[in-house]
Amino acid sequence: MDYNFNEIEKKWQKYWAENKTFSVKTDPSKPKYYVLDMFPYPSGAGLHVGHPLGYIASDIYTRYKRLMGYNVLHPMGYDAFGLPAEQYAIQTGQHPRVTTMENINRYRQQLDRIGFSFDWDREVKTCDPEYYKWTQWAFLKMFKSWYNNDTNSAEPINELVTRFEEEGNAKVNAACSDVETFTAEQWKNFSEKKKSDILMAYRIAYQGETSVNWCPQLGTVLANDEVKEGLSVRGGFPVEQKKMKQWQLRVSAYAGRLLDDLDSLQWSDALKEMQRNWIGRSYGAQMVFKTINPEPKDGSKFDRNYDMEIFTTRADTVFGVTFMVIAPESDWVEKLTTLSQKDEVEKYINEVKKKTERERIAETHTVTGVFSGSYAINPFTEERVPVWISEYVLAGYGTGAIMAVPAHDSRDYAFAKKFNLRIIPLIEGCDVSKESFDAKEGKMINSGFLTGYSVKEAIPMAIEEVEKRGIGHRMVNYRLRDAIFSRQRYWGEPFPIYYKDGIPTPLDEDKLPLELPQIATFKPTQDGEPPLAHATDWNYEGYPYEKSTMPGFAGSSAYYLRYMDPHNNSALVSREADNYWKDVDLYVGGTEHATGHLIYSRFWNKFLYDLGYVCENEPFKKLVNQGMIQGRSNFVYRVKNTNTFVSVNLKDKYETTEIHVDINIVRNDRLDIEAFKKWRPEYENAEFILENGEYICGWAVEKMSKSMFNVVNPDNICNDYGADTLRLYEMFLGPVEMSKPWDTKGIDGVHRFLRKFWRLFFGGGEGTGEFNLSDDEPTAEELKILHKLINKVETDIENFSFNTSVSAFMVAVNELSAIKSNKRKILLPIVILLSPFAPHICEELWSLAGNKESISFATFPMYHEEYTREDSVEYPVSFNGKTRFKLSLPKSMGKSDIEKAVLQEEQTAKYLAGNPVKKIIVVPGRIINIVF
RNA sequence: GCUCGGGUGGCGGAAUUGGUAGACGCCCAGGACUUAAAAUCCUGUGAACAGAAAUGUUCGUACGGGUUCGAUUCCCGUCCCGAGCACCA
């Protein structure tokens, strides 16, 4: 009987769907395990062979855990809001929902073809109102919460209001935007608008004016992780900085916890490091410098002196401050610009404003700046130093102002050199004539009370002194900014907010979901308002709704919670479901989400945890990053100005152009010439210069994309080889975490293995005849093959090392084929072992062997050590007439080999003779293990 | 520039974390079965040298040093590749 994979796979996929084999329920009698894939954005291009890599790995792990007796939650869904569908809608007028649903259906078909064991009853789609109801709900909770730094937790804003009424805000230690201090009395007399504005500064979801990434081409603002090198990640359009009022999430309040809790997670070091860098904690001090504006630019005589706060990690270098710098966007510019410098400053500010973010980055090393006209007083030396304005200081970090120590900071140094400012060295023996000395080492000089101490001693001493003098305090600063949460787009979650007399007001929770209205066109309005401004009659009792929508990460931040209880109408997740499933045990997905989704999700989860809605502080216990599968492109070489193509090894003799050729008409780099002629009309009469009668194509590893004609569709592989072969092959290519090019060459080897395995069940290795398993007792040799395999496969799966377990299967099957073994007690356990990898063929064999239930309910076989350990004998070994230690040797080894081994290792033996050694293990010629 | 990974045959990649380097697969070569091809199976396959042969010897994990009885693995330096961050004071 032949291995007819197409028929087998169709049959079992149907069986699994009809019997809901993979549907799970909360079951307190079994231990839970939660395996999650990052859900895909359903793009129009469909899945290529790279996408399922992580899904296959997680599916193997899921099926393995089920066999081990766990109740495994393994769901799948779609991150369905997003830009491409909206862009497509703008071009064609087709509603994004329509395209999105089409793409989802296509994805579903492709996923089903690969035989995943998802519980599809739990599917979620972020664009589904029943789903985004809970995204909006979480937003409302954030709107109605503030972050208490004393308890290090989010708390209801009502409680804050009560405190304001009782004692004002002086004692409130909150993570908040700038607010004035007020008393209880003042609070009670504030207008509604004023109260709203003040509370806004405390909310975790708040509206605030900041410098944001504005992308004119996309017509929307973007979060920091959506911008790379000054270009939008989606589309690659230039991004500029613009001051705008936007909804934001106070992620920065959680920076410390997000950083500290990384230690408890089983994530790769690389990924943790990325998050650490992104959060960017630095310890230092905030310090006050008095400033003097000799002639304010508006001519007023008042307010000439200000206390300017700066942040520094190098308080020890305060004696070397020779100037101060403020960011062009900072409020200090207004206060410190003098009348005589007014024109120059304004000119500079305008120049800076004109630059796009990309230009600013590109010109990182060109130093620009302007003198404000004002001075600051160094609190330690009482010296007057000039205050400059320069774009190298960022408004968004620290206080937007710095003390410049050119001798020990390379940026300050470059600035000082350019504008001829003084440089005072502070460390003994350092040479600052050519570059600054940035290292935190050496002995302090020219530094008053710090002179003579090492830098490491001086930093805390300086901070202590600052605190003692009351001019500043110890301070921890984070690089992580609050997340910009509004997008000027249509295809996203609407905000459950309406404006009552200009005051943003939350919609009642029982009015959720607030559904997206129908609109005629998806473009922004002519006066630049978001597309939702086109909606007619979209308001709450006459008050207009917020017009922007939520960003992509909103819907993906808590989807793992929704899977636990996807049809619950009264809660995001019921307490019961949350207490059972708790958190994601294994999360599989790409690194590209390191500083986006994986930060936001952790933030979102911690927020819900603070309010008591979820029981775990961290959402994803263990995380595996699957690598990318790149494409392998093929090229043909056209001789210039002809329609003649030359084979790759002869191309140097001609002047040629390299042309991408569809990899579907190339096999093992040999071009199918007839297919090529039909591929494009202009090649119909093409001629070829061959080598050895063949046309050999060139190749290169590139990103898998339509334009390079190197996309491999998993459907094609499934049709030609079967889903089981695809699954095995993707695992066999190399470690899951590694990026690697897709290369179809090796796939035959894996397919051959499955056929060989199949044949073992039909006629004892002959591969002919009917299904035939022998009930004879297995030999020791056969048992050894089996148990070696169980041991290997189990440890490999636990270590996510699937490529080596596939190899182990091949070895075992080769060995069994060689001895023509068809024993039931050997082969059926192997069917169970292999079923996570190649479920269809295993289901078929399992049922042919007479089993009524799906193999998914079988039990992973146990490993017995006695069948695999090499029997050994101990030999006493003597030196100088005394027994020094025992050699543990395999039985198979002859005495002469032992003597030879010891002789060859005479050096070793001499060394060992002087040491208390119990035994050493020897193989011919080498000692392989010494037991002390 | 800073941070984190990584460099092993013709290729993808193994090596129980200090113990016979190159598992497994691809490619290639030879053979068996076939009228023939396909399919299938078997054998060989890091390099050099010696030998009719079994086999043996030497060199080999980017490069140069070190620790160790023993290093792909640990340490120091150099070179190269990949990823992330990028004026974060």
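Residue numbers start from 1 in every chain, and the chains themselves are labelled A, B, ... in the order their sequence lines are given, proteins ahead of strands. All of these numbers come straight from a predicted model, not from anything done at the bench.
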Colleague: To the nearest Å, give me how far apart CD1 (A/I599) and P (B/rC85) are.
Modeller: 12 Å

Colleague: Report the nucleotide, chosen from B/rC41, B/rA39, B/rA89, that has the shortest atom-to-atom distance to any side-chain atom of A/V393.
Modeller: B/rA89

Colleague: Would you indicate what A/R481 reaches in the nucleic acid, counting non-hydrogen atoms under 4.0 angstrom: base, sugar-phosphate, or nothing?
Modeller: base

Colleague: Which is more 5' along RNA chain B, the nucleotide nearest A/M403 or the one nearest A/S801? Just name the residue.
Modeller: A/S801

Colleague: Out of B/rC24, B/rC87, B/rA15, which nucleotide sits closest to the side chain of A/Y392?
Modeller: B/rC87

Colleague: Apply the side chain to side chain contact (heavy atoms under 4.5 Å, CB included) test between A/M324 and each candidate in A/I402, A/V385, A/I389; give the one that qualifies.
Modeller: A/V385

Colleague: Could you work out which one of B/rC41, B/rC85, B/rA39 sits closest to the side chain of A/R479?
Modeller: B/rC85

Colleague: OP1, OP2 of B/rA89 versus side-chain N and O of A/Y397: anything below 4.0 Å?
Modeller: yes

Colleague: Whole angstrom is fine here: how far is it from NE2 in A/H751 over to P in B/rC24?
Modeller: 21 Å

Colleague: Treat a base pair as Watson-Crick or G-U wobble with both distances under 3.5 Å, then lay out RNA chain B in dot-bracket form, 5' to 3', with | for cross-strand pairs.
Modeller: (((((((..(((......[....))).(((((.......))))).(((((....)))))..(((((..]....))))))))))))....

Colleague: Looking at B/rU40, I'd like to know if its phosphate oxygens (OP1 or OP2) sit under 4.0 Å from a side-chain N or O belonging to A/R752.
Modeller: yes

Colleague: Among B/rG13, B/rC24, B/rC41, which nucleotide sits nearest the side chain of A/P735?
Modeller: B/rG13

Colleague: Please state the C1' separation for the pair B/rG25 and B/rA36 - nearest whole angstrom.
Modeller: 30 Å

Colleague: Sticking with atom C1', work out how far B/rG9 lies from B/rC27, rounded to a whole angstrom.
Modeller: 12 Å

Colleague: Look at the side-chain N and O atoms of A/R276 and state whether any lies under 4.0 Å from the OP1 or OP2 oxygen of B/rU3.
Modeller: no

Colleague: Take A/G749 and A/K756, find for each the nucleotide of RNA chain B with the closest heavy atom, and name the residue whose nucleotide sits nearer the 5' end.
Modeller: A/G749

Colleague: P atom, B/rG64 versus B/rU8: distance in rounded Å?
Modeller: 16 Å

Colleague: Counting only side-chain heavy atoms from C-beta out, which of B/rA83, B/rG12, B/rA89 sits nearest to A/F732?
Modeller: B/rG12

Colleague: For B/rA38 and B/rC33, measure between their P atoms and round to the nearest Å.
Modeller: 16 Å

Colleague: For the side chain of A/K740, starting at C-beta, report the closest nucleotide among B/rA89, B/rG13, B/rA23.
Modeller: B/rG13

Colleague: Using OP1 and OP2 only, check whether a side-chain N or O of A/N814 sits under 4.0 Å from B/rG25.
Modeller: yes

Colleague: Identify whether any heavy atom of A/N803 sits under 4.0 Å from a base atom; if not, whether one sits that close to sugar-phosphate; answer base, sugar-phosphate or nothing.
Modeller: sugar-phosphate

Colleague: Regarding A/D796 and A/T804, do their side chains bring together a donor and an acceptor under 3.5 Å, going by distance alone?
Modeller: yes

Colleague: If the P atom of B/rG10 is compared with that of B/rG60, how far apart are they to the nearest Å?
Modeller: 16 Å

Colleague: Identify whether the distance between the nearest side-chain nitrogen and carboxylate oxygen of A/K456 and A/D316 falls below 4.0 Å.
Modeller: no

Colleague: For nucleotides B/rC79 and B/rC11, find the distance between their P atoms and express it as a whole number of Å.
Modeller: 25 Å

Colleague: Looking at B/rC4, I'd like to know if its phosphate oxygens (OP1 or OP2) sit under 4.0 Å from a side-chain N or O belonging to A/N277.
Modeller: no

Colleague: Which one, B/rC24, B/rA89, B/rC41, comes nearest to the side chain of A/M810?
Modeller: B/rC24

Colleague: Could you check B/rU43 for me: syn (within 90° of 0) or anti?
Modeller: anti

Colleague: Taking the side chain of A/L394 as heavy atoms from C-beta outward, which of B/rA23, B/rG13, B/rA89 is closest to it?
Modeller: B/rA89

Colleague: Would A/F415 and A/F323 count as a close aromatic pair, with their ring centres under 6.0 Å?
Modeller: yes

Colleague: What nucleic acid atoms does A/K272 come within less than 4.0 Å of, heavy atoms only: base, sugar-phosphate, or nothing?
Modeller: nothing

Colleague: Does some side-chain heavy atom of A/L265 sit less than 4.5 Å from a side-chain heavy atom of A/L262?
Modeller: yes

Colleague: Would you call the rings of A/H864 and A/H787 parallel, tilted or perpendicular, taking 30° and 60° as the class edges?
Modeller: perpendicular

Colleague: Hey, is the side chain of A/S282 poking within less than 4.0 Å of OP1 or OP2 on B/rA89, counting only N and O atoms?
Modeller: yes

Colleague: Say we look at B/rG84 and B/rA71: how far apart would their P atoms be, to the nearest angstrom?
Modeller: 37 Å

Colleague: Of all the nucleotides listed (B/rC41, B/rA89, B/rA83), which has the minimum atom distance to the side chain of A/F311?
Modeller: B/rA89

Colleague: Can A/R602 be said to sit on top of A/W267's aromatic six-ring, NZ or CZ under 6.0 Å from centre and within 45° of the ring axis?
Modeller: yes

Colleague: In terms of side-chain heavy atoms of A/W278, which of B/rC42, B/rC85, B/rC24 is nearest?
Modeller: B/rC85

Colleague: May I ask you to check whether A/F809 and A/F757 place their ring centers less than 6.0 Å from one another?
Modeller: no

Colleague: Syn or anti for B/rG70, given that syn means the glycosidic angle lies within 90° of 0?
Modeller: anti

Colleague: Atom CD of A/E737 to atom C1' of B/rA83: distance rounded to whole Å?
Modeller: 15 Å

Colleague: Taking atom CD of A/E435 as the centre, report whether more than 12 heavy atoms of other residues, nucleotides or ligands fall under 6.0 Å from it.
Modeller: no

Colleague: In whole angstroms, how far is the P atom of B/rA86 from the CG atom of A/N213?
Modeller: 11 Å

Colleague: Which residue pairs pass the side chain to side chain donor-acceptor pair (under 3.5 Å) test with at least one member in residues 733-743 of chain A, sequence neighbours excluded?
Modeller: A/W742-A/T744

Colleague: With C1' as the reference atom in both, quote the distance from B/rA39 to B/rA32 in angstrom, rounded to an integer.
Modeller: 14 Å

